[in-house]
Amino acid sequence: MNAEPAHEHGLEALEHARREKLARWRADYGVEPYGQRVDDITSLTDARALYNEAAHEEYAASAAAAKENPDATVVDNRPRARVAGRCIQHRAMGKLVFIVLRDHTGDLQISVSKAAVDQPSFKLASKLDYGDIVVAEGPVGRTNKGEICIWADRFEVHAKNLVPPPEKFHGLTDAELRYRQRYIDMFANPQTIRTFTMRSKIIMHVRTFMERRGYLEVETPMMQSIAGGAAARPFITHHNTLDMQLFMRIATELPLKRLLVGGMPRVYEIGRIFRNEGVDRTHNPEFTTIEAYQAFGDCWTMLELTESLLHELAQLAFQQAALEAAPEKRSAEGAGNNLHMQWGEHTVNWSRPFARRKYGDLFEQSFGFPMTERDRVRAAGREHRIEKAETLDHWLLVNALYEKLCEPAIDPNTPTFVTDYPSAISPLTRPQRDNPELCDRWELLVAGMELGTAYSELNDPDIQLEKLTQQLAGADEEEQAFRTLDEDFINALKVGMPPAGGMGLGIDRIVMLMTGETTIRDVILFPLMKPESHDEQSQ
RNA sequence: GAUCGCGUAGCUCAGUUGGCAGAGCAACCGCCUUUUAAGCGGUAGGUCCUGGGUUCGAGUCCCAGCGCGAUCACCA
């Protein structure tokens, strides 16, 4: 054997050891540890379910009899399975090796006996590394201790692991490494695949729900020359041959409304949007929303739609939690309409109907006077040290106070629609006929998170132009760099948009609530990370 | 951006009043046909995040920086 180069240490030495093993396997046994197509693989969970007690007993008895009397025949009617998985535990006991494999469905033990396979296979099995990907085949039986186990008579390595895997009991807990090397996190922490499987099921359910309701799914541009529909800072990019500045979209709202103008009665888009803002437990720069628009609906149409959708998703999550029984992450109780789901410190009650509270009532409840009393609002602004309390527009000040005191006062355990928003902070919403200071808009709050918003859409081009112009006038120097009046949108309204209800929901936050994950990074496969620093280059 | 916490072997973590750098797992060699985080014997593995300072002596104390996390602010 080659002497290990003296300069290698740590990670390099560990990889070197595995490369040497790989070379030995090729040279000594003629095996190729990077395998190829294998058909008819049974998942580990399905293979476990094949276990047949009677067949096992019959086999065990006849094998014991055959030991006493060499003439007796061994009866083996145990079901057979071909499985594949990554080695996550390895216990070699001389002439018998126990290996625990893991796949996307779960874990299963296999055992390789020296007597049952050819010599190369046994050598591979006994020298297998944690992290290697294996194909094995044999009868499904059990061990003396009762563990269901495949007694392999075929054993192959189909991918060699060269990178030392995380510690097998504690797994990978370092949050940064979990996100940077998600492919390791996924096999080290089975919850990760469960969460993203649930995410997929939720999105699929949203699509079938919207289809049932007669909505058409559409795709609109992610790269736009004007980033409209929200007030966030956009990411800026550039098209080379057209020498043109482009923005990544910050909302899907304005293109979708153009589709209402064009004559699509019900449209929705599920897609990624991009906001150049801070990163924290509930914000990732790119995230997924659903926006839906229904001609001749209003914000109450959207309320019913949203409440139904979320209630169905909660039922789906409830069933899933019951199936998985992953009590450390998730506990859910109830049946039918009675759905309580734990999320962090909270227990969210998804029973219908959700709560409805008027914005103004919440304000008055917190401050003891109506939000329309300008002098008292100004005084409250000073008292609660709102930034620029002296000069801020009345309604912006109301909203600052609302967000500081009223929003946190909403019961986090009860999904709550806050309705009747001030028009002044809702530039795309139609003012109420009998009280234009308020508008038909709601926001949905669950567990302290804003889950979404909906409007009765403003379809009067003149009022819309006035509101957008007003908003632009209030923009500071930095904002003016990326805010432009979308004249074509105004033109579309001039062509005529039917009255409509529109709604937007944050898919990632919904997935958080339904899976019990309290960090948005745990429901986004590859959350945005700073590049890893290389000390030689920085500084 | 502010505050707090953390940064020690591939992973998970100890490290006392400032006094020789530690454990378990993983790796390597050996033994073992029913293990369950297998066990037993042996070997190897360290820029204690980086830079400065105090000190006879710093993983430990001080300063600055970097990275990560949490909370807050920002995000209609």
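No experiment lies behind these values; they were computed from the predicted model shown. Each chain gets a letter, A, B and so on, in the order the sequences are listed, and its residues count up from 1.
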#### Entry: Salt bridge flag under 4.0 Å for residues E53(A) and R142(A)
yes
### Message
If you assign E277(A) and K168(A) each to the RNA chain B nucleotide with the nearest heavy atom, which residue ends up on the more 5' nucleotide?
### Response
K168(A)
### Message
Assuming nearest nucleotide by heavy-atom distance, tell me which of T519(A) and G146(A) is located more 5' along RNA chain B.
### Response
G146(A)
### Message
Does G69(B) have OP1 or OP2 under 4.0 Å away from a side-chain N or O of R521(A)?
### Response
yes
### Query
Looking across every strand, which nucleic acid part, if any, lies under 4.0 Å from E403(A) by heavy atom: base, sugar-phosphate, or nothing?
sugar-phosphate
### Task
For W395(A), answer base if it contacts any base atom (sugar-phosphate contacts may also be present), sugar-phosphate if it contacts only those atoms, and nothing otherwise; contact means non-hydrogen atoms under 4.0 Å.
nothing
### Query
Side chain of L172(A): nearest nucleotide among A38(B), U12(B), G10(B)?
U12(B)
### Query
When all nucleic acid strands are considered with a 4.0 Å heavy-atom cut-off, which category describes T173(A): base, sugar-phosphate, or nothing?
sugar-phosphate
### Query
Is D280(A) side chain donor-acceptor paired with the C74(B) base, going by distance under 3.5 Å alone?
yes
#### Entry: Under-4.0 Å side-chain N/O to phosphate OP1/OP2 contact, K127(A) with C28(B)
no
### Task
Identify which nucleotide among G69(B), A27(B), C11(B) has an atom closest to any side-chain atom of A175(A), counting heavy atoms from C-beta outward.
G69(B)
### Task
Determine the interatomic distance between C1' on U34(B) and the same-named atom on U8(B); round to the nearest Å.
39 Å
### Query
Within this structure, what is the CG-to-P distance between L96(A) and C31(B), rounded to whole angstrom?
16 Å
### Query
Of all the nucleotides listed (U34(B), C25(B), A27(B)), which has the minimum atom distance to the side chain of A17(A)?
A27(B)
#### Entry: Donor-acceptor pair, side chain of R441(A) and main chain of Y455(A), under 3.5 angstrom
no
### Query
Please give, in whole Å, the distance from G69(B) P to Y179(A) OH?
8 Å
### Query
Could a donor-acceptor pair under 3.5 angstrom be found where the side chain of S111(A) meets the base of U33(B)?
no
### Query
Among U33(B), C68(B), A37(B), which nucleotide sits nearest the side chain of E176(A)?
C68(B)
### Query
Are F363(A) and Y402(A) close enough that their ring centers fall under 6.0 Å?
no
### Task
Starting from P on A9(B), measure out to CD on E12(A) and report it in whole angstrom.
16 Å
### Message
Measuring from the side chain of R24(A) (C-beta onward, heavy atoms only), which nucleotide among A70(B), G10(B), C29(B) has the closest atom?
### Response
C29(B)
### Query
Quick one: is U71(B) close enough that its OP1 or OP2 comes under 4.0 Å of any side-chain N or O from R281(A)?
yes
### Query
Does A27(B) have a Watson-Crick or wobble partner in any strand here, with both distances under 3.5 angstrom, and which is it?
U43(B)
### Message
I'd like to know whether NZ of K358(A) has more than 12 heavy-atom contacts from other residues, nucleotides or ligands below 6.0 angstrom.
### Response
no
### Query
Going by modelled atom types, is there a donor-acceptor pair between the base of C11(B) and the side chain of H170(A) at under 3.5 Å?
no
### Task
Assess whether salt bridge (charged side-chain N to carboxylate O under 4.0 Å, His left out) is satisfied between D460(A) and R430(A), documenting all intermediate values.
CA-CA 8 Å; D460(A) 179 326; R430(A) 191 182 63 195; over 6 Å; no
### Message
Does R356(A) have more than 12 heavy atoms from other residues, nucleotides or ligands lying within 6.0 Å of its CZ?
### Response
yes
### Task
Have a look at A92(A) and say if it touches a base, only the backbone sugar-phosphate, or nothing, with a 4.0 Å heavy-atom cut-off.
base
### Message
Ring centres under 6.0 Å, that's the criterion: do F482(A) and F247(A) meet it?
### Response
no
### Message
Regarding R441(A), tell me which of base, sugar-phosphate or nothing describes its non-hydrogen contacts under 4.0 Å with the strands shown.
### Response
sugar-phosphate
#### Entry: Nucleotide A9(B), atom P - distance to CG of L14(A) in whole Å
13 Å
### Query
Does K114(A) have a side-chain nitrogen or oxygen under 4.0 Å from the phosphate oxygens OP1 or OP2 of U33(B)?
no
### Task
Remember a base hit wins even if backbone is also touched, and classify Q89(A) as base, sugar-phosphate or nothing at under 4.0 Å, heavy atoms.
sugar-phosphate
### Query
Reckon K21(A) touches a base, only the sugar-phosphate, or nothing at all at heavy-atom distances under 4.0 Å?
sugar-phosphate
### Query
Where the side chain of D129(A) is concerned, which of C32(B), C28(B), A70(B) is the nearest nucleotide?
C28(B)
### Minimum-distance nucleotide (side-chain atoms of E167(A) versus A27(B), U33(B), G24(B))
G24(B)
### Listed nucleotide nearest any side-chain atom of R91(A), set A76(B), C32(B), A37(B)
A37(B)
### Minimum-distance nucleotide (side-chain atoms of A230(A) versus A76(B), A37(B), U33(B))
A76(B)
